There are 2 protein chains.
Amino acid sequence: MYRINFSDFFTSAFSVDCMLFGYSQGQIKALLIKRAMEPYNNFWAIPGDLVYPDEDLDEAANRILKDLTGLTDVGLHQAQSFGHPKRHPQGRVVTVSYFALVRIEDFNAKASSWADEISWVPIHDIPVLAFDHNLIMATTIELLKQKLHVEPICFDMLPDRFTLSEFQQLYEYAYNQSLDKANFRKKIKHIPLLAHDEKQQMVKHRPAKLFSFSHTEYINKQGLKDYQFKM
Amino acid sequence: MYRINFSDFFTSAFSVDCMLFGYSQGQIKALLIKRAMEPYNNFWAIPGDLVYPDEDLDEAANRILKDLTGLTDVGLHQAQSFGHPKRHPQGRVVTVSYFALVRIEDFNAKASSWADEISWVPIHDIPVLAFDHNLIMATTIELLKQKLHVEPICFDMLPDRFTLSEFQQLYEYAYNQSLDKANFRKKIKHIPLLAHDEKQQMVKHRPAKLFSFSHTEYINKQGLKDYQFKM
DNA sequence: TAAATAATTGTCGAAAATACAATAATTAAT
DNA sequence: ATTAATTATTGTATTTTCGACAATTATTTA
């Protein structure tokens, strides 16, 4: 085995890639940016940046999120790290991937210094991406799907007030399978949803009732047992 | 916002911390090492090491695992990364934590260059550790518990041939709750366990039948549906 | 007013979960 | 050899959930 000096280890950089997922028109979408610099100029990519030497990983992820969306206080989930020595052409860069779930309509995502153009792309139609970003994206989408089964994070993507059908369609899209309406409603009976008097507007059929989800209610009612969102 | 040169980003190091979990005497245990060097000399810690500049993360985790146990071909699970700027007193070191499940009896864990002494410690009794290792350990144990619900990884810790009671007790210890024997056996009916003719030896009561788990059988019988290990 | 559309609720048999009881096999003590 | 002790293993009965499907309701548009 070879030996190198202690200081020779301190020659790497790390980056944070921050995937944003949202839900619109019945599809879960990821925010991609078109790179405006080398390497991989003009490729679609996951938004990300190098982490400053005195910055925590979560901090960097929040910074990127804010640059893109103006949003703060969004729940960030760390996904995985990727460290193949050759994954970045300009040096050793290990990346830590994060994801956050947002309401697409709540803000205007804007291109930033490193990006030309941005786009919300359905997670089932991701194009070829820069670097190893297809691997990162696929891995993170899998993790998202796992978490959707176990934690009430879907509500971070749904509008503040949503119909039960919208709720159901989110799961149908995520797992690419259709679900029985009546049975879906039975399965979610234990989730404390707040029913509003208000109804859907502007639809050309019987309007659905609107519901919302309260995280604090959820914590209170849950007790020690954890909910299931296995659909 | 401040600006620094591109090259100033390449001043960090990476480490991999590799948690080993095993099961013996009814307890899930983690392998800890007593550090034999500064910083945190003489503290208990999670085994880990810096990653070489041209080494992949998984490769480094496998190397550490082999140094400690001589084992190769053990399934490694990446857990999380920790990157607080001050987490290491000697420089910026971001660490990626992994865990692996092993059969404690299958090998003799040996101290290595960086360790004096090693010890298998029940995961419910972890002492104060070096660096931010208590945070890493706690986070990783949570992840382990989650995965035990969803993937058939418990069998990597159980002996090659095990009794159903041992199997059950693993879950009882993990989630710190007792389970009904009869109902446990019904819940695991769908798992393709191979029953042996052989029975327990040297016990002072009715000996239990021995079972084993075949990963390939599991994959075959499973089809597309994923098993549940929610106990 | 009727047709169309989607929301909402109900039914019923099958399957799974839960609580608890009964039986079987083995060792150790008498 | 008999019995108590201990743990393995199987069974039963009740309740709850699942899954497929049918029926009903509210609203818009033709």
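Source: prediction; values computed, not measured. A, B, ... follow the sequence lines: proteins, then strands. Residue 1 opens every chain.
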Among D:dC21, D:dA8, C:dA7, the nucleotide that comes nearest once only the side chain of B:R185 is considered
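From the listed options, D:dA8 comes nearest.
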
Can you pull every protein N or O that's under 3.5 Å from an N or O on nucleotides 12-18 of chain D?
{"residue": "D:dT12", "atom": "O4", "partner": "B:K186", "partner atom": "NZ", "Å": "2.8"}

Across the strands shown, which category fits B:S165 at heavy-atom distances under 4.0 angstrom: base, sugar-phosphate, nothing?
sugar-phosphate

Please enumerate all protein N or O atoms sitting under 3.5 Å from an N or O of nucleotides 25-29 of chain D, with distances to 0.1 Å.
{"residue": "D:dT25", "atom": "O2", "partner": "A:R206", "partner atom": "NH1", "Å": "2.4"}
{"residue": "D:dA26", "atom": "O4'", "partner": "A:R206", "partner atom": "NE", "Å": "3.2"}
{"residue": "D:dT27", "atom": "OP1", "partner": "A:K199", "partner atom": "NZ", "Å": "3.1"}

Do B:L144 and B:T140 come within less than 4.5 Å of each other through their side chains, counting heavy atoms only?
no

Is the count of non-hydrogen atoms from other residues, nucleotides or ligands lying under 6.0 Å from B:D125 atom CG greater than 12?
yes

Hey, is CD on B:Q177 packed in by over 12 heavy atoms from elsewhere, all under 6.0 Å?
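Result for CD/B:Q177: enclosed.
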
Is the closest side-chain donor-acceptor distance between A:Q146 and A:E142 under 3.5 Å?
no

Tell me yes or no: between the side chains of A:T163 and A:K209, is some donor less than 3.5 Å from an acceptor?
no

Along DNA chain D (nearest heavy atom to each residue), the more 5'-positioned of B:A208 and A:K181:
B:A208

Calculate the interatomic distance between A:K209 atom NZ and C:dT9 atom C1'; express it in whole Å.
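The answer, rounded to whole Å, is 12 Å.
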
So, are B:R103 and B:D156 salt-bridged, with charged N and O less than 4.0 Å apart?
no

Which value, rounded to the nearest 0.5 Å, describes the distance between B:L31 atom CG and B:F21 atom CZ?
10.5 Å

Looking at B:L129 and B:I46, what are the two nearest heavy atoms and their distance?
CD1-CG1, 4.5 Å

